[in-house]
Every structure is written in structure tokens, then in C-alpha cells.
Amino acid sequence: MAQVDVINLNGEKVGSVELADAVFGQVNEALLWEAVKHYRAALRQGTHATKNRKLVAGSGKKLWKQKGTGRARVGSVRSPLWRHGGTVHGPQPRSYDYAFPRKKLLGALRSALASKLADGKLTIVDSLEIAEPKTKLYRNALTKLGVERTALLVENGKTLSKSLLLGARNLEGVELVLNNEVHPYDLLRYDRAIFSKAAIEQLGEALAKSVSKRQLAAHTEAA
């Protein structure tokens, strides 16, 4: 198991926490790619549409008689062969979402956490609570934690307070989520991931249950 320091919002070490290698020890880049692809596909609106010959404007009257004119036969001005005619096999409104196995999603989440830990971008604090719900105080706290770009704050639902919601909601480049709602895409999208101790412990326990016996045996042998 990896020993990770637990710090307070002033950047001072106040303890440590053990992170299981089965959850935080291996990165599967292919699985991460699949999870991100699925997430982004579900975000697509799919409202694109083209008009076929039934929907395009124009009369359905036959333009000239079938024979005797010397011209090619034609039935309607809305034919796809004509300018301003209908579109054949054009895109129609649809959903781009598709089923993604829960086991693969949990595996991708373990990989995202392992990637953040390996890159030194995973920070664990004893608490995200601040006395006053002021954005300025949270900005100063993030600066002391070394946040230079964007950050994802992850809190446990049982310890989530109103002051945290009010103080963090207007921070530019910062998003607050619960530990049971965090997605691999969120962890990869933001530069830093800051977990409360309660959030990382609960999430680690839940993800440890999703590790297969074969993977668990492999980690045990490696240790």
C-alpha cells in the first residue's frame, strides 16, 4: 500500500492515509480512452437534421409530360437529383449514447485515480471545510495547496456543508463533486484532484470491492 500525506488547507501535514495498490496502483490507458469516449458521446445533442424529398419545399406536380418533349423524364422538382431538392441518407436526430459496462467504468475510475497519484496531482486534505463561505478564502486555500490551473474538489456526501457549496461554486476552473458521482473524465479534465480524507477512504473501499480476484491476486504476487 502507498502512504500518502494528509494535509490541511494551509498546506501543513497533519497525518497520512494508506491507499490500496489494487485501486491506485495500475493505469489502463485503453480503458480510460473508452470511458472518455463514452462520456463525450453521451454529451452530444444529436439534433442535426436534413430534409428529404418529403420535407423540402416545392410542388409535387410533374413538370412536363413523360414522352414527346425530347427531355429526360422527371417527376418532381423536389427530386434529390435537382438543385434545392431533397437530401438522400442525410443525418437525422438521434442519440449518440450507448451502453457501457459498469465494471469497465469502475476500472477506468481506478485507472484515473492511479494516474493522478503517479503524476503527483492527487491531494488529500483532512477537511474542505472553512469557517466562512467566502470564495476568496477558498481561492487562498487552493493557492496554498499548489493549485495553479484547474482543480476538482471531491467531498463525501455525509460531510458536505452549505459553506463549501457557497464558497466553491464561483471559483473559476474549479468544480465540486461528491465521491459517488466522480467520473474518470472529470479526473482527467482537471489538472489537480483534491479529495477530503473521508471522500478518498469511502471511494477507495467501494472501488476495492470491484477489483476481480485475478487482479487482486496479481497485485498480491507483485507486492
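Quantities reported herein were computed from a predicted structural model and do not represent experimental measurements.
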Please list, chain by chain and in numerical order, all residues satisfying side-chain hydrogen bond (donor to acceptor under 3.5 Å, both in side chains) with [X], sequence neighbours excluded.
X      : value
Asn170 : none
Glu132 : Lys134
Glu148 : none
Ser111 : none

Identify which one of Val14, Ile7, Leu9 satisfies the side-chain contact (heavy atoms from CB on, under 4.5 Å) criterion when paired with Asp126.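 One option only clears the test, and that one is Val14.
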Applying side-chain contact (heavy atoms from CB on, under 4.5 Å) between Lys13 and each of Asp5, Asn8, Val6, report the one that passes.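 Filter result, single survivor: Asp5.
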Under 3.5 Å, which donor-acceptor pairs link side chains of residues 47-55 to any protein atom two or more places apart or in another chain?
residue, atom, partner, partner atom, Å
His48, ND1, Gln92, O, 3.3
His48, NE2, Tyr96, OH, 2.7
Thr50, OG1, Pro91, O, 3.4
Thr50, OG1, Gln92, NE2, 3.4
Asn52, OD1, Lys54, N, 3.1
Asn52, OD1, Leu55, N, 3.1

Residue pairs fulfilling ring-ring contact (aromatic ring centres under 6.0 Å, His included) with at least one residue in residues 146-187, sequence neighbours excluded: Tyr39-His183, Tyr39-Tyr185
Applied to residues 98-124, the ring-ring contact (aromatic ring centres under 6.0 Å, His included) test, sequence neighbours excluded, yields His38-Tyr98, His38-Phe100
Report the residues that fulfil salt bridge (charged side-chain N to carboxylate O under 4.0 Å, His left out) with Lys121, sequence neighbours left out, ordered by chain and then residue number.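 Partners of Lys121 by the salt bridge (charged side-chain N to carboxylate O under 4.0 Å, His left out) criterion, ordered by chain and then number, come out as Asp191.
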Could you walk me through whether Leu113 and Leu207 pass the side chain to side chain contact (heavy atoms under 4.5 Å, CB included) test, one step at a time? CA-CA 11 Å; Leu113 289 170; Leu207 291 177; 3.5 Å; yes
Taking only distance into account, with no hydrogens and no angle test, what donor-acceptor pairs under 3.5 Å do side-chain atoms of residues 61-72 form with protein atoms, sequence neighbours excluded?
residue, atom, partner, partner atom, Å
Lys62, NZ, Gln66, OE1, 2.8
Lys62, NZ, Val74, O, 3.0
Trp64, NE1, Ala72, O, 3.2
Thr69, OG1, Arg71, N, 3.2

What about [X] and [Y], same hydrophobic cluster or not, with Ile/Leu/Val/Met/Phe/Trp/Tyr joined at side-chain heavy-atom distances under 4.5 Å?
X      : Y      : answer
Leu188 : Val27  : yes
Leu106 : Ile200 : yes
Tyr138 : Val154 : no

Name all pairs fulfilling the salt bridge (charged side-chain N to carboxylate O under 4.0 Å, His left out) condition that reach into residues 30-45, sequence neighbours left out, sorted by first residue then second.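 Salt bridge (charged side-chain N to carboxylate O under 4.0 Å, His left out) check on residues 30-45 returns Glu34-Lys104.
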Side chains of Pro184 and Leu105, heavy atoms from C-beta outward: is any pair under 4.5 Å? yes
Tell me, do Leu203 and Phe195 make a side-chain contact under 4.5 Å, heavy atoms counted?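 A side-chain contact under 4.5 Å exists here.
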Listed pairs under 3.5 Å, donor-acceptor, residues 173-182 side chains, sequence neighbours left out:
residue, atom, partner, partner atom, Å
Glu175, OE1, Tyr190, OH, 2.6
Asn179, ND2, Ala199, O, 3.4
Asn179, ND2, Gln202, OE1, 2.7

Please check if the side chain of Lys116 supplies one atom and the backbone of Leu187 the other of a donor-acceptor pair under 3.5 Å. yes
For the backbone of Ser76 and the side chain of Ser79, can you confirm whether one donor and one acceptor N or O come within less than 3.5 Å of each other? no
Distance in Å, Ser196 OG paired with Glu201 CD, rounded so as to fall on 0.5 Å steps: 9.0 Å
In Å, rounded to the nearest 0.5 Å, how long is the span from CG of Leu142 to CZ of Arg192? 9.5 Å
Just jot down the side-chain contact (heavy atoms from CB on, under 4.5 Å) partners of Glu205, sequence neighbours excluded, or say none.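 Per chain and number, Glu205 pairs via side-chain contact (heavy atoms from CB on, under 4.5 Å) with no residue.
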